[in-house]
Participant: 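This is the structure I want to talk about, given as structure tokens.
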Amino acid sequence: MLTLKQIYDNQDRVIAGLEKKHFAGAREAIAEVIALDATRKAAQQKKDAAAAEMNKISKSIGMLMAQGKREEANAAKAQTGSLKEQIALFDKEMAQAEEAQRNLLLTIPNVPYDIVPEGTGAEDNLAVRMGNWPNQAVLDSLAAGKPVALRDWPTHADEAIAAERIAQSEKLPHWELAKKYNLIDFDLGVKISGAGFPVYIGQGARLQRALINFFLAEANKAGYTEIMPPTVVNQASGYGTGQLPDKEGQMYHCEVDDLYLIPTAEVPVTNLYRDEIIDEAQLPIKNCAYTECFRREAGSYGKDVRGLNRLHEFSKIEIVRIDTPEHSDASHHEMLDHVEGLLKKLELPYRVLRLCGGDMSFTAALCYDFEVYSEAQHRWLEVSSTSNFDTYQANRLHCRYRRAEDKKVTLCHTLNGSALALPRIVAALLENNQTEDGIRIPAALQPYFGADMIK
RNA sequence: GGAAAGAUGGCGGAGUGGUCGAUCGCGGCGGUCUUGAAAACCGUUGACCUUCACGGGUCCGGGGGUUCGAAUCCCUCUCUUUCCGCCA
């Protein structure tokens with residue numbers, strides 16, 4: 001959530017930012033936050049004054065008792081009744097204003113950075129980089145330093161490239177390839193769990209393990225500490241990273257013990273630092289974790305959920321950083337380079353999008369999505385979302401650091417990104433690398449997979 | 001699942017109704033000494049809210065209660081540890 005300081009220091013910018021995110025009623029909401037703060041302060045000042053008076057009297061009673069002046073002590077006691085009532089009254093006023101303010105702040109999204117493009121949806125996202133894909137019009141524009149809005153993306157060029165690379169007649173979507181090579185059994189998953197829980201078999205299972213090991217090894221090389229957290233978390237952790245209360249219905253909930261299955265490793269790995277004050281010398285903290293991720297995906301349907309496109313359980317390697325405000329942007333770029341490096345090594349066609357205000361998540365200040373092109377589905381699939389949350393998440397988490405310079409306690413910045421989520425990577429690998437002889441495994445992955453082809 | 005004990009500042013650990021936000025040790029920071037470091041010695045060292053400031057208020061796992069006054073007493077919840085049971 002936003003800090004009051006952010007709001008007071010830069011009211012107009014905050015409102016403009018919220019409007020960029022298409023948050024309705026931004027101006028009114030901010031005015032309300034400030035009004036509630038004034039109410040709270042007034043109540044607190046009255047309460048504090050009454051409490052100070054009460055403390056004084058109580059202390060004097062203590063001293064009178066010690067001196068054996070019982071009657072004077074009793075006289076002092078008589079004064080306390082109305083003070084007590086006042087304190088209770090002001091305290092209630094204060095607590096109410098505070099709670100109302102907090103509830104309101106929880107509904108206000110993060111303020112996007114200046115470089116976030118204007119826009120309402122996917123069409124307005126800006127492609128800022130791409131690779132392994134000879135879509136010349138886009139490449140030329142990017143080379144000239146001009147990002148391409150998705151609404152201007154030359155889709156026909158993508159299809160032409162895909163058609164050229166694999167003869168149309170042979171091109172199979174990954175769900176058919178999975179069957180052809182006996183890699184994944186979706187029906188068995190339905191039998192033992194339900195739709196969206198695939199069973200990986202043989203070479204399919206080995207490919208999963210190879211990717212997990214590859215992604216973890218690359219993260220380790222880049223200086224991330226490997227964490228293996230619990231995949232089930234308590235309510236406080238859900239609130240800490242913002243999945244609760246907003247996305248209550250999207251998480252699997254074990255009601256008997258009131259625990260939640262994690263939708264991403266971001267939740268446990270970031271909550272490691274909940275209620276902590278970190279020494280600046282420790283920053284940036286760079287952690288990575290492989291976990292299974294669980295998402296109910298209520299309301300999804302159609303081609304979006306076909307095959308591996310959208311699952312209830314999937315594997316993901318997440319990178320998480322805790323950093324200073326001064327360095328968080330540099331950290332973000334390092335993360336983006338890392339993710340891009342993975343896609344280069346996997347030889348997958350990719351593009352990097354800077355999300356527009358309307359398409360960003362509630363909590364992000366700046367977010368880049370990575371998409372890979374699926375040559376059989378003729379569409380781009382999101383495989384990573386790499387965001388800087390500024391202080392928004394840290395404020396909720398109470399994650400702070402002690403500045404080396406002046407020992408002041410200040411909110412950290414938090415960042416995270418997928419590096420990477422497996423299912424759509426697998427989908428693209430299978431579809432894009434299909435040949436007459438089998439499915440080609442990219443060179444970087446071969447040591448982990450132990451073969452150069454799936455046959 | 002049964003029984004018992006416990007939860008205090010970065011850590012360890014005192015404190016059972018009245019100047020206790022909390023003795024002390026470790027750690028951290030500053031200094032003396034030293035060419036430098038270590039050791040020793042001296043000093044200092046929580047967070048949050050509020051105030052231009054002085055100051056004031058809150059916090060001893062969470063919530064509630066008793067009392068003029070609660071870290072300390074009562075209720076309740078959560079968690080941890082130990083023993084028994086079960087068990088990969």
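A quick note: this is a predicted structure, and the numbers were derived from the prediction, not measured. Worth knowing before you read on, the calculation uses all heavy atoms, side chains too, and leaves out hydrogens, waters and symmetry mates. Numbers restart at 1 for each chain; the letters A, B, ... are given by sequence-line order, proteins then strands.
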Participant: Per the side-chain contact (heavy atoms from CB on, under 4.5 Å) rule, which among A/N110, A/D369, A/N125, A/L355 passes with A/M360?
Facilitator: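 For A/M360, the side-chain contact (heavy atoms from CB on, under 4.5 Å) test succeeds with only one of A/N110, A/D369, A/N125, A/L355, which is A/L355.
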Participant: Rounded to whole angstrom, note down the C1' distance from B/rG15 over to B/rG9.
Facilitator: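 To the nearest whole Å, 14 Å.
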Participant: Is A/D48 salt-bridged to A/K41, cutoff N-O under 4.0 Å?
Facilitator: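 Result for this pair is no, no salt bridge flagged.
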Participant: Mind checking what makes ring-ring contact (aromatic ring centres under 6.0 Å, His included) contact with A/F90, not counting sequence neighbours?
Facilitator: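 For A/F90, no residue satisfies ring-ring contact (aromatic ring centres under 6.0 Å, His included) once neighbours in sequence are set aside.
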Participant: Salt bridge check, A/E93 against A/R40: does any charged N sit closer than 4.0 Å to a carboxylate O?
Facilitator: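 Result for this pair is no, no salt bridge flagged.
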Participant: Taking the same atom, P, in B/rU23 and in B/rG31, what whole-Å distance lies between them?
Facilitator: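 About 25 Å, rounded to a whole number of Å.
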Participant: Using the C1' atom as the point on both nucleotides, what is the distance between B/rC20 and B/rU8, in whole Å?
Facilitator: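 Going atom to atom, C1' in each nucleotide, I get 12 Å.
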Participant: Taking the same atom, C1', in B/rC60 and in B/rG21, what whole-Å distance lies between them?
Facilitator: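 Those two atoms are separated by 9 Å.
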Participant: So which heavy atom on A/K345 is nearest to which on A/P442, and how close?
Facilitator: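 Nearest pair, atom of A/K345 first, then A/P442: O-CB, 4.1 Å.
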Participant: With C1' as the reference atom in both, quote the distance from B/rA7 to B/rG63 in angstrom, rounded to an integer.
Facilitator: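 Rounded to whole Å, the distance is 16 Å.
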Participant: Determine the interatomic distance between C1' on B/rA53 and the same-named atom on B/rG13; round to the nearest Å.
Facilitator: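 Looking at atom C1' only, B/rA53 and B/rG13 are 39 Å apart.
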Participant: I'd like the C1' distance from B/rC29 over to B/rU78, given in whole Å.
Facilitator: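 Taking atom C1' in both B/rU78 and B/rC29, they lie 37 Å apart.
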Participant: Could you measure between the two P atoms, the one in B/rG17 and the one in B/rU72, and give it in whole Å?
Facilitator: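 Result for the P pair: 11 Å, nearest Å.
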Participant: On RNA chain B, reading 5' to 3', which nucleotide is the first and which the last to sit with an atom under 4.0 Å from a heavy atom of chain A, could you check?
Facilitator: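 So the contact region on RNA chain B extends B/rG18 to B/rG69.
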Participant: So A/H253 and A/Y260, would you call those rings parallel, tilted or perpendicular, with 30° and 60° as cut-offs?
Facilitator: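 Judged by the thresholds at 30° and 60°, the geometry between A/H253 and A/Y260 is parallel.
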Participant: Can we say A/E218 and A/K221 salt-bridge, meaning some charged N sits less than 4.0 Å from an Asp/Glu carboxylate O?
Facilitator: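 Here A/E218 pairs with A/K221 in a salt bridge, since their nearest N and O are under 4.0 Å apart.
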Participant: For RNA chain B, determine which residues of residues 45-59 of chain A have any heavy atom closer than 4.0 angstrom to one of its atoms, and list them numerically.
Facilitator: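 A/Q45, A/K47, A/D48, A/A51, A/A52, A/M54, A/N55, A/S58 - these, ordered by number, are the residues of the stretch whose heavy atoms sit under 4.0 Å from the strand.
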Participant: With a 4.0 Å heavy-atom cut-off, tell me which residues in residues 73-100 of chain A come close to RNA chain B, sorted by residue number.
Facilitator: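 Under 4.0 Å from RNA chain B: A/K77, A/T80, A/K84.
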Participant: Should the pair A/K77-A/E72 be classified as a salt bridge under the 4.0 Å nitrogen-to-oxygen rule?
Facilitator: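 Salt bridge flag = no for A/E72 with A/K77.
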Participant: Tell me the stems RNA chain B sits in, counting at least three consecutive Watson-Crick or G-U wobble pairs, each under 3.5 Å on both distances.
Facilitator: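 RNA chain B stems, ordered by first number: B:1-7 with B:78-84, B:10-12 with B:24-26, B:27-32 with B:40-45, B:46-50 with B:55-59, B:61-65 with B:73-77.
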Participant: Measure up the A/Y392 and A/F362 rings against each other and bin them: parallel (under 30°), tilted (30 to 60°), perpendicular (over 60°).
Facilitator: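 Answer is perpendicular, since the angle exceeds 60°.
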Participant: Step through it carefully: locate the ring centre of A/F214, locate the ring centre of A/Y448, and say whether they are under 6.0 Å apart.
Facilitator: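 Yes, close enough.
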Participant: By nearest nucleotide on RNA chain B, pick out whichever of A/I61 and A/T410 is the more 5' one.
Facilitator: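 In this pair, the answer is A/T410.
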Participant: Which heavy atom in A/D124 sits nearest to a heavy atom in A/G119, and how many Å separate them?
Facilitator: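 Scanning both residues, the minimum pair turns out to be OD2-CA, 3.4 Å.
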Participant: Between the side chain of A/T391 and the main-chain N/O of A/A394, is any donor-acceptor distance below 3.5 Å?
Facilitator: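 A pair under 3.5 Å: no.
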Participant: Check whether any side-chain N or O of A/Q101 sits under 3.5 Å from a backbone N or O of A/V33 as a donor-acceptor pair, and report yes or no.
Facilitator: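 Confirmed, A/Q101 side chain pairs with A/V33 backbone.
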Participant: Please table the atom pairs, donor to acceptor, closer than 3.5 Å between any side-chain atom in residues 261-272 of chain A and protein atoms at least two apart or in another chain.
Facilitator:
residue	atom	partner	partner atom	Å
A/T264	OG1	A/E266	N	3.0
A/T264	OG1	A/K316	NZ	2.8
A/E266	OE1	A/N416	ND2	3.4
A/E266	OE2	A/Q393	NE2	2.9
A/E266	OE2	A/N416	ND2	3.4
A/T270	OG1	A/E266	O	2.6
A/N271	OD1	A/R274	NE	2.7
A/N271	ND2	A/S237	O	2.9
A/N271	ND2	A/T241	OG1	3.4
A/N271	ND2	A/V267	O	2.8

